[in-house]
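Within every chain, numbering begins at 1; the chains are lettered A, B, ... in the order of the sequence lines, protein sequences first and strands thereafter.
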Number of protein chains: 2
Amino acid sequence: MAPKIKDVAKIAGVSVTTVSRVLNGEKYVKDDLKARVKQAIAELGYTPSHIARSLVRKKTNLIGVIVPDLTSSFYSTILSSIEETASLSGYNLLVCNIIEDIEKEYKYLNVFNEMRVDGIIIMHEKLNEEIRDFLNKLDIPIIFSSVKPRDQKFVSVIIDDYAAAYDATTYLIQLGHTRIGFIGGDMRDVTSGQNRYIGYRDALTQANINIVEAYIKFGDYKIQSGYQLAKELLASEPCPTAIFAVSDDMAVGAMNGIHDLGFNVPDDISVIGFDGSQLTELVRPQLSSMEQPIQDMGKVTVESLLDMIAGDAQAAAGDLILKHKLVERKSCKTYGAKEE
Amino acid sequence: MAPKIKDVAKIAGVSVTTVSRVLNGEKYVKDDLKARVKQAIAELGYTPSHIARSLVRKKTNLIGVIVPDLTSSFYSTILSSIEETASLSGYNLLVCNIIEDIEKEYKYLNVFNEMRVDGIIIMHEKLNEEIRDFLNKLDIPIIFSSVKPRDQKFVSVIIDDYAAAYDATTYLIQLGHTRIGFIGGDMRDVTSGQNRYIGYRDALTQANINIVEAYIKFGDYKIQSGYQLAKELLASEPCPTAIFAVSDDMAVGAMNGIHDLGFNVPDDISVIGFDGSQLTELVRPQLSSMEQPIQDMGKVTVESLLDMIAGDAQAAAGDLILKHKLVERKSCKTYGAKEE
DNA sequence: CTGAAAGCGCTAACAA
DNA sequence: TTGTTAGCGCTTTCAG
């Protein structure tokens, strides 16, 4: 059995209180005692039990994180940033991967609660009633990252999705495109579904371009759906000369679909993605994308959550809107420009 | 403050023991008491404290996982599988992302120890002396996934890297290639560095093909190094007609390097990767790869670890070698075959 | 400065 | 079947 604080105390010839004091770096311990304690700790290879500490301190230094899909480039990058930031402040991550599995999420949320995590980060917005209620009852600070659930009570770290989609579409329009296909997300999502969709429509309307329903498709943010939907888009007559997909994954899928159909990106069709994931630089041609500040998003999420944990009312006051940014790479081209 | 077991007991008019019993599903509780307790629990919205339980049960149901890079397609897929399997058995994951940061790893290992996690999964093999010592002293079950550290004491879930590399190289040879470039890993790694390298060499030797040092480069498994190294390989005269990279990431980097230099895969140069990550299907042309059973690997890792946790001596007996598999896609072509 | 003792919230003998 | 009681390993008053 691992040594306990009592064993250290015995060996050092002091009380457990004193050992506890040196463990916690308190100053009111005479140097010689402190030395003896340290010596005893080393001798025994003693490490304090985080469990026992948590029990009395009522603080676990644990943050529960719910990720929709660990294997997604976007989420794994945010998670990586979250992990790094949390780690810097001495917090550890309990991660739950829920692949469309709401039951699992509910179960995990319960586990987070039982574990008495200090805070919770959620990265998706499809809350059902049960979960929403549960979350509302929970008195653990909760923050949403990269998404915003309907319920206004929770704070979110997001970009202005409407403006970002508007800007992305406008970019295509400025390149001379008028037949612009749209591969959207889930319309039940307000941030990544509705807002981006409305941004797209408004940009077209603003430019006096008719909205063609055949140019509008909705996917599930994943590669495969982008692939499929791009093929459908290309079946329209006349077909779009540019496609805006609301995730890089779908944009890459679209590029592949276009490629497999024998067309060329960007010569025949321009494609712009959304997110700024690692995929953008990895595919050929490199994908232009309306980027979210992914690293920052993770960092800001954790920092705000830690503020909330610390009881900073300010932190829980409202959403944090970060800046989006268009990054041009090789997948978009002026309409009608002659081929190289 | 959250309600405690005592509060439930009071409301239900029973002892805490009884409450504890119904909480743990024991049978020796009369139905009416059980009902009253459940009623009280619901009324209070009581949830048992995992912390307190862990303290007395000396079991946390936590597994610490050390991942080299969360954003890598390969690791995130294993992690996802690990998470899924662990979750099914009621275990939760504490994840640590160490990006080349040995200090951080050491720190985390300490945290895992203080947290009294029930088991530890490590997915990289670059252990320094300090960590090796620490691991040896620790009496928490440890398992390595996808890698095998020098130290024979630890059990690993791996494939036969030597054979896999041998087979991949032989595949290229059978396609008629003789000038086969190699983009290896870190030679300090035995599994993914040395073994794959030796497999490559032996396959060539076996086929009576001279080993050309200029065709051999070593990277860090990441896209960028594959990109750079492929360019270097293409600078040789005559240059290789095929390249075997020991990670899909490097293979994709190589494909991009080849592409950016104006050559075509597979018409000019064939490329084969290693791992079987999601990237293989996402790039164009789709990447042929010597695949590891990634999903399985995560699953087997957790299952073995749980066996070890359960005290199954058998489980700690030796490495688990899973089967590799060559998956042909579009990135390799018979040497000299006429272009389409 | 140092120590005795009272919990943190729960489980597990041991009795009844 | 049910309850009493003694901890799990640590921190934290409160005295000294």
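- Nearest approach of B:P3 to B:Y46, heavy atoms of both residues: O-CD1, 3.3 Å.
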Give me, pair by pair, the N or O atoms of the protein and of nucleotides 12-16 of chain C that are less than 3.5 Å apart, along with how far apart they are.
unit_1, atom_1, unit_2, atom_2, d
C:dA12, N6, B:T17, OG1, 3.2

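- Rounded to an integer number of Å, the gap from CG of B:L55 to P of C:dT11 is 11 Å.
- Rounded to 10 degrees, the angle separating the terminal axes of the helix from C:dC1-D:dG16 to C:dA16-D:dT1 is 40°, with each axis obtained from five end pairs.
- Taking atom CD1 of residue B:I5 and atom P of nucleotide C:dG7, one finds them 18 Å apart after rounding to whole Å.
- Here the side chains of A:N97 and A:Y108 are not in contact, with every heavy-atom distance at 4.5 Å or above.
- Without hydrogens or angle criteria, B:S156 side chain to B:V147 main chain gives a donor-acceptor distance under 3.5 Å.
- Summary of the strand contacts: B:G13 and A:I51 both lie near DNA chain D, and taking for each the nucleotide with the nearest heavy atom, the more 5' one is attributed to B:G13.
- Formation of a donor-acceptor pair under 3.5 Å by the B:D101 side chain with backbone atoms of B:I98 is not found in this model.
- Looking at which nucleotide of DNA chain D each of A:K6 and B:S15 is closest to, the 5′-most match is held by B:S15.
- Atom CZ in B:R53 sits roughly 8 Å away from atom P in C:dC10 (whole-Å rounding).
- A:L23 places its CG atom 15 Å from the P atom of C:dT2, with the value rounded to the nearest Å.
- Atom pair A:E114:CD and C:dG9:C1' shows a separation of 13 Å (rounding to whole Å applied).
- Remark: side-chain polar atoms of B:D69 are not paired, donor with acceptor, to backbone N or O of B:Y75 under 3.5 angstrom.
- Although no hydrogens or angles enter the test, the distance criterion places a donor-acceptor pair under 3.5 Å between the side chain of A:R36 and the main chain of A:G13.
- We find that CE of A:M115 is positioned 16 Å from C1' of C:dG9, with the value rounded to whole Å.
- Within the nucleic acid shown, B:V19 has no heavy atom closer than 4.0 Å to any nucleic acid atom.
- When all heavy atoms of A:M123 and A:S146 are compared, the pair lying nearest together is O-OG, 4.4 Å.
- One finds a salt bridge joining A:R188 and A:D186 here, because a Lys/Arg side-chain nitrogen approaches an Asp/Glu carboxylate oxygen to under 4.0 Å.
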Please lay out, stage by stage, how A:K59 and A:N61 fare under the test side chain to side chain donor-acceptor pair (under 3.5 Å). CA-CA 6 Å; A:K59 180 136 185 10; A:N61 275 47; 3.0 Å; yes
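- As rounded to whole Å, 9 Å separates atom C1' of C:dC1 from atom CG of A:L33.
- Here chain B contacts DNA chain D (any atom closer than 4.0 Å to a heavy atom, that is under 4.0 Å), and the contacts span D:dT1 to D:dG9 from 5' to 3'.
- Residue A:D32 contributes atom CG, which lies 7 Å from atom P of C:dT2 at whole-angstrom precision.
- For the residue pair A:S87 and B:K107, a side-chain donor N or O sits within less than 3.5 Å of a side-chain acceptor on the partner.
- Classification of the A:F154-A:F144 ring pair by plane angle, with boundaries at 30° and 60°, yields tilted.
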